[in-house]
Amino acid sequence: MRNYMQFLNPQILCFLFFSALLLCLVETKSTIEPCNSSNSCPSLLSYLLPWDSKLSEIATRFNVNFFDILASNSLFPITPSSAHQILSAKSQVKIPISCSCVDGIRRSMSTIYTVHAADTLASISEGYGGLVSAEQIKIVNAINATNPLTYRGTLVIPLPCTCFDNVNNGGNAIYMSYVVQRRESLGSIATKFGTTVSDLETVNGFGEATVDPGDILSIPIAACSSATLNWYDESMIVPNGSYTLTATNCIKCTCEPTDITLQCVPSGLDVPCYNLRCKGSNLIIGDQCVDLSQTACNVSQCVYRGHRGGKILSR
Ligand SMILES: *[C@@H]1O[C@H](CO)[C@@H](O)[C@H](O)[C@H]1NC(C)=O
Ligand SMILES: *[C@@H]1O[C@H](CO)[C@@H](O)[C@H](O)[C@H]1NC(C)=O
Ligand SMILES: *[C@@H]1O[C@H](CO)[C@@H](O)[C@H](O)[C@H]1NC(C)=O
Ligand SMILES: *[C@@H]1O[C@H](CO)[C@@H](O)[C@H](O)[C@H]1NC(C)=O
């Protein structure tokens, strides 16, 4: 049985209509996961770019390595110059984050934002694509009249995060926090991410099948796990449609969409890599041998087995 709760986050929006000031209270839903361990776990954010941004800017905004953003979005080439690649406004970018357990709920608190001139709580919230509200930033950072935003001051940006033990319907999964947009329904979101309305309802604990713009849903994404691969000293979970770099960036493991299995091959990155060839064979990691009568083929395949102390293991 999955534990879930919803909490309501009141945001006050003001509408100026003719000369009347109408105050209205808009409540947005978001899914929170209770927790009681100090372990952190992997999760994703779905970030709708509010404006054109370089990959390096997105990486800085969320305090993550841009290689990890490339990997989560299956972007290529994997080179340092990709940091200058510009993604256009309204692109949806997956950001890998780690959830910690803060005050009994799963959260990401590792994003630190440095205040720019002319920033307001609202503009900072907009910069994060609605993943965090102005009110949440205000509360977490105790911003008030005597403790205002200060130029070059730093803020902790609390971001939604769920792991649900990284399982869904008995399979491996990574959960992605997603901000509902105008004209979207649970049905359209389920279709967009290859899941079902009933699965979204179960994960998010929604009593009724309606969502409103600004609500934050947790979306299960099937994932590849190394748990059954018998690796030494290493484990990873990679969401469908992405890859991850490991063994000091020497190895790239992709979660294959067809059968949700990890396929690991040399990354081809310009880094020193040793032991990419299987012992007693001409095959390198990721190779398969079709003709076993060939001398190079005294092993039929060469598969990645993890890494340890700078050594890449294979079999
Ligand atoms: C809290 O810990 C107990 C025992 O370790 C476990 O059974 C329970 O599921 C945990 N609750 C949550 C919300 O993680
Ligand atoms: C602002 O917050 C600080 C620290 O939390 C508190 O000491 C102070 O009383 C608050 N000021 C106002 C005007 O609420
Ligand atoms: C993995 O993603 C692909 C699209 O990239 C999709 O067609 C496939 O159904 C997904 N697999 C699972 C198990 O969700
Ligand atoms: C594999 O084949 C090569 C070339 O014939 C040979 O040198 C090597 O000893 C063989 N290794 C094993 C483990 O049989």
Side-chain angles (χ1 to χ4, degrees), residues 4-14 23-51 53-54 56-66 68-69 93-163 175-181 212-218:
Y4 49 72
M5 284 195 297
Q6 288 171 53
F7 75 101
L8 298 171
N9 158 42
Q11 280 179 304
I12 295 172
L13 295 183
C14 308
L23 265 183
C24 61
L25 188 73
V26 173
E27 292 181 330
T28 61
K29 291 194 278 292
S30 96
T31 299
I32 64 165
E33 175 188 4
C35 55
N36 59 7
S37 84
S38 56
N39 295 344
S40 58
C41 51
S43 186
L44 286 173
L45 299 169
S46 179
Y47 175 47
L48 184 69
L49 290 196
W51 43 69
S53 312
K54 276 190 200 173
S56 57
E57 290 165 349
I58 300 170
T60 303
R61 170 171 297 275
F62 288 93
N63 301 139
V64 299
N65 184 315
F66 85 91
D68 294 335
I69 297 183
V93 183
K94 292 177 201 149
I95 312 284
I97 50 163
S98 174
C99 309
S100 42
C101 188
V102 184
D103 298 333
I105 63 166
R106 286 278 173 218
R107 260 189 169 184
S108 161
M109 301 288 267
S110 55
T111 297
I112 308 294
Y113 178 80
T114 303
V115 177
H116 297 68
D119 268 347
T120 60
L121 287 171
S123 72
I124 297 169
S125 163
E126 186 196 354
Y128 283 93
L131 286 162
V132 60
S133 69
E135 188 64 19
Q136 287 164 335
I137 301 171
K138 185 177 172 185
I139 292 169
V140 165
N141 295 280
I143 301 297
N144 62 20
T146 50
N147 180 33
L149 284 186
T150 49
Y151 176 52
R152 291 197 174 139
T154 55
L155 297 174
V156 172
I157 306 296
L159 291 164
C161 220
T162 49
C163 304
Y175 289 84
M176 180 170 73
S177 297
Y178 178 81
V179 183
V180 177
Q181 302 299 311
D212 298 305
D215 286 351
I216 298 177
L217 294 184
S218 181

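When the side-chain contact (heavy atoms from CB on, under 4.5 Å) test is applied to Val180, the partners found at least two apart in sequence or on another chain are Glu184, Ile189, Val211, Asp215, Leu217. In this view, Thr120 and Ala122, Ser123 satisfy the side-chain contact (heavy atoms from CB on, under 4.5 Å) rule, not counting sequence neighbours. With sequence neighbours excluded, the residues satisfying side-chain contact (heavy atoms from CB on, under 4.5 Å) with Thr114 are Thr154. The ring-ring contact (aromatic ring centres under 6.0 Å, His included) check on Tyr178 picks up Phe193, with sequence neighbours excluded. The side-chain hydrogen bond (donor to acceptor under 3.5 Å, both in side chains) check on Ser43 picks up nothing, with sequence neighbours excluded. In this view, Ser40 and Ser98 satisfy the side-chain contact (heavy atoms from CB on, under 4.5 Å) rule, not counting sequence neighbours.
Looking at Cys101 and Asn36, their side chains never come closer than 4.5 Å, going by heavy atoms from C-beta outward. In this structure, Val179 and Leu48 have side chains that are not in contact, with every pair of non-hydrogen atoms separated by 4.5 Å or more. With a 4.5 Å cut-off on side-chain heavy atoms, Val115 and Leu155 count as touching. In this structure the side chain of Cys161 reaches within 4.5 angstrom of the side chain of Ile97, judged on heavy atoms.
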Evaluate the criterion side-chain contact (heavy atoms from CB on, under 4.5 Å) for residue pair Asn141 and Leu149; output intermediate values, then yes/no.
CA-CA 9 Å; Asn141 295 280; Leu149 284 186; over 6 Å; no
task: Apply the test side chain to side chain donor-acceptor pair (under 3.5 Å) to residues Ser218 and Thr31: give CA-CA distance (whole Å), side-chain angles for both, the deciding distance (0.1 Å), then the verdict.
output: CA-CA 6 Å; Ser218 181; Thr31 299; 5.9 Å; no
(request) Could you give me the CA-CA distance, side-chain angles and deciding distance for Phe62 and Leu131, then say whether side-chain contact (heavy atoms from CB on, under 4.5 Å) is met? (result) CA-CA 11 Å; Phe62 288 93; Leu131 286 162; 4.3 Å; yes
Does the pair Ile58 and Leu49 meet the rule for a side-chain contact (heavy atoms from CB on, under 4.5 Å), with working shown? CA-CA 9 Å; Ile58 300 170; Leu49 290 196; 3.7 Å; yes
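Nearest heavy-atom pair, Cys35 versus Ile105, reported as atom, atom and distance to 0.1 Å: SG-C, 3.3 Å. Between Asn147 and Ala142, the shortest heavy-atom contact is ND2-O, 2.5 Å. The minimum heavy-atom distance between Ile137 and Leu121, with the atom names listed, is CG2-CD2, 3.8 Å.
Separating the NZ atom in Lys94 from the CD1 atom in Ile69 is a distance of 13.0 Å, to the nearest 0.5 Å. Going from atom OG1 of Thr28 over to atom CD of Gln136 covers 7.0 Å, rounded to the nearest 0.5 Å. Separation of atoms NZ (Lys29) and CD1 (Ile216) is listed at 12.0 Å; rounding is to 0.5 Å. Note that the OG atom of Ser56 and the CG atom of Asn65 stand 11.5 Å from one another [nearest 0.5 Å]. Interatomic distance, OG of Ser46 versus CD of Gln181, reported as 8.5 Å (0.5 Å rounding).
Tyr128 places a side-chain N or O within donor-acceptor distance of the main-chain N or O of Arg61, the cut-off being under 3.5 Å. For the pair Asp119 (side chain) and Tyr151 (backbone), a donor-acceptor distance under 3.5 Å is absent. With hydrogens and angles ignored, the 3.5 Å screen pairs a side-chain donor or acceptor of Asn63 with a backbone N or O of Thr60. One N or O on the side chain of Ser53 and one on the backbone of Trp51 form a donor-acceptor pair closer than 3.5 Å. A donor-acceptor contact shorter than 3.5 Å is absent between the side chain of Ser108 and the backbone of Pro158.
At least 2.5 Å separates the SG atom of Cys99 from that of Cys163.
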